[in-house]
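First listed ligand is number 1; within each ligand, the first listed atom is number 1. Nothing here was measured: the structure is a model prediction, and the numbers come from that model.
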Amino acid sequence: MNKFYITTPIYYVNDKPHIGHAYTTIAADVIARWHRLKGEDVFFLTGTDEHGEKVETSAKKAGKLPKEFVDNIVGAYKYIWEKLNIKYDYFIRTSDSSHVKVVSEIIKKIAENGDIYKGYYEGWYCVSDESFWTELQLVDGKCPSCGREVKKVKEETYFFKLSKYQNKLIDFYNKNQKFLSPNFRSKEIINRVNDGLKDVSITRTTVKWAVPFPLDGSHYVYVWVDALCNYISAINWPHGPEFKEYWPADIHLIGKEINWFHSVIWPAMLFSAGIEPPKMVFAHGWWTVDGKKMSKSLDNFVDPILMVDKYSTDAFRYSLIREMPLGDDGDFSEKAIVSRLNNELVAELGNLINRVLTMAERFEGKIEGEAELDQKLNIGKIDSLMEDVDTFNALNEIFVFIKATNKYISEKEPWRLQGRELSNVLYNLLEASRIISILVYPFMPNTGAKIANQLGIEVGTIDDCTFREWTSKVKKGELLFKKFIQ
Ligand code: ME8
């Protein structure tokens, strides 16, 4: 059986999750569910990044101890993932003692390999991104990634010899063309690595809400080094059966702003520790809201819970995936959700299933026929798009089939037909609906299950997406979607 290991970033617990976090996790859930429907042994990991200055500061502001503060926000994450129907296999928290132990062991391995040395760091630090910057990298004196204030850091530190891995990384990218995904984002990373790599500071002395540095009691591990290790601590590196089964990860799905950590620092750490790198880092694009970047000052973070309560889990999941290709940037607006809900989910999918069930329920007799609509279904194309992590085009292709099925009804005009002719059309429509229940399931699990239920069957697998005999008895239930009226 093929295994499939997919991860999301582990999110900072300084604040509540917003649509950006929801997007990555929904996309990973869609991909994981697709692979499960292919019968693969899937491991889907998400979790929380709990250490570091940002969380330490937020806890202080809230007047709480860091552990008490993070426990509270982790609850908000788990609650949202349940609301969004996210079926993860494991939730990692970097404050877990098993994770802390792995971070320590990895650092010892890297040190044994001669890749850690003591030095002095002087430069700038962005607390929001938990990242170090040189004077030259700053833009108007601010963080080049998020645009926020940076602060001067001058401290003794331990460095990781990232510079040593320049050639090895380039060689690795050349041999593994899918590692840097999507392809159009790979140039930027390759150019920066070719320009030369600086060793990176991996400890802090001033931040104490962190993993203790195993080589020196007055130092603490830099939060990014701690966080990246989650992908292997969660599967019990080095001796756990899960590590042997699932590593290397098939996809680390992340947002583009943390690509450098995942595509450069992480594989270099793994090279140093003698561990195989993941197969793919897929850096997706960024959402703005009504044309603006989400920020505290604009107070325009969109709460996924509000969206789900207003439009339903499936309409929200669907709209996010349907709005833009996974690699691109996009703009979020409620108007777009309403329009997709009313014009696509209600008018195309909901209407189709409702019409088919109404006709099939009234039909007396055996529903037999010859496959005709199978011509309109390109399951090979949909699967290969999903294998390429192209959830956007895969969903479009599924809707091509849904539209073709609606068109088949208007062309055949089954209400004018009788006997064998009517049975034939109904057979095609029922088989198409059964296959649609499977295809939409990874994107909209509630809807896929509802369609199957009304058809009197269980949601099938990808292997079941071919036209066969129709044997079930349908029973129309409630409408799949309700029109949203403002
Ligand atoms: O960076 N559009 O955590 P984080 C799309 N703890 N996706 C967005 C987004 C937006 N506007 N905003 C956030 C961290 N995201 C680290 C990760 S991993 C070892 C450590 C999503 O809470 C996107 O996936 O800041 C992005 O990479 C992630 O949230 C950042 O979450």
Fill in: Pair Asp49 + Lys54, salt bridge at N-O below 4.0 Å
no

Item to complete: Assess Trp224 for proximity to ligand 1: is some non-hydrogen atom of it under 4.0 Å away?
Response: yes

Item to complete: Give a yes/no on ligand 1: does Pro17 have at least one heavy atom closer than 4.0 angstrom to it?
Response: no

Worksheet item: Relative to each other, are the rings of Tyr158 and Phe213 parallel, tilted or perpendicular (30° and 60° limits)?
Response: tilted

Response to the item:
among protein heavy atoms, the one nearest atom 22 (O) of ligand 1 is Tyr12 N, 2.9 Å

Fill in: Any Glu130 heavy atom less than 4.0 Å from ligand 1
no

Worksheet, complete the sentence: Closest to atom 8 (C) of ligand 1 among protein heavy atoms sits Gly20 CA, 3.4 Å

Discussion item. What protein heavy atom lies closest to atom 2 (N) of ligand 1? Include the residue and the distance to one decimal.
Written reply: Trp287 N, 2.9 Å

Worksheet entry | Phe159: which of Tyr117, Tyr120, Phe132 passes ring pair (Phe, Tyr, Trp, His ring centres under 6.0 Å) | Tyr117

Worksheet item: His284 near ligand 1, heavy-atom distance under 4.0 Å?
Response: yes

Worksheet item: Would you call the rings of Trp224 and Phe261 parallel, tilted or perpendicular, where under 30° means parallel and over 60° means perpendicular?
Response: parallel

Practice prompt. Starting from atom 23 (C) of ligand 1, locate the nearest protein heavy atom and write down its residue, its atom name and how far away it is, to 0.1 Å.
Written response: Thr24 OG1, 3.4 Å

Worksheet item: Parallel, tilted or perpendicular: which describes the rings of Tyr165 and Phe160, with under 30° parallel and over 60° perpendicular?
Response: parallel

Item to complete: Taking only Lys NZ, Arg NE, NH1 and NH2, and the carboxylate oxygens of Asp or Glu, determine whether Lys164 and Asp199 approach each other closer than 4.0 Å.
Response: no

Worksheet item: Does any N or O atom in His262 lie less than 3.5 angstrom from one in ligand 1, N or O only?
Response: no

Discussion item. Looking at Lys3 and Glu245, is any side-chain nitrogen of the basic one under 4.0 Å from a carboxylate oxygen of the acidic one?
Written reply: no

Worksheet item: Would you call the rings of Phe243 and Trp247 parallel, tilted or perpendicular if under 30° counts as parallel and over 60° as perpendicular?
Response: parallel

Worksheet item: How far is atom 29 (O) of ligand 1 from its nearest protein heavy atom, and which residue and atom name does that atom have?
Response: His21 CD2, 3.4 Å

Worksheet item: Any non-hydrogen atom of Tyr231 lying under 4.0 Å from ligand 1?
Response: yes

Worksheet entry | Shortest protein contact, atom 26 (C) of ligand 1 (heavy atom only) | Glu257 OE2, 3.0 Å

Worksheet item: When you measure from atom 17 (C) of ligand 1 to every protein heavy atom, which one gives the shortest distance, and what is it?
Response: Ile10 O, 3.2 Å

Worksheet item: Nearest to atom 31 (O) of ligand 1, what protein heavy atom do you find, and at what distance?
Response: Tyr11 CD2, 3.5 Å

Worksheet item: Would you call the rings of Phe172 and Phe271 parallel, tilted or perpendicular if under 30° counts as parallel and over 60° as perpendicular?
Response: perpendicular

Worksheet item: Is the shortest distance from a heavy atom of His18 to ligand 1 less than 4.0 Å?
Response: yes

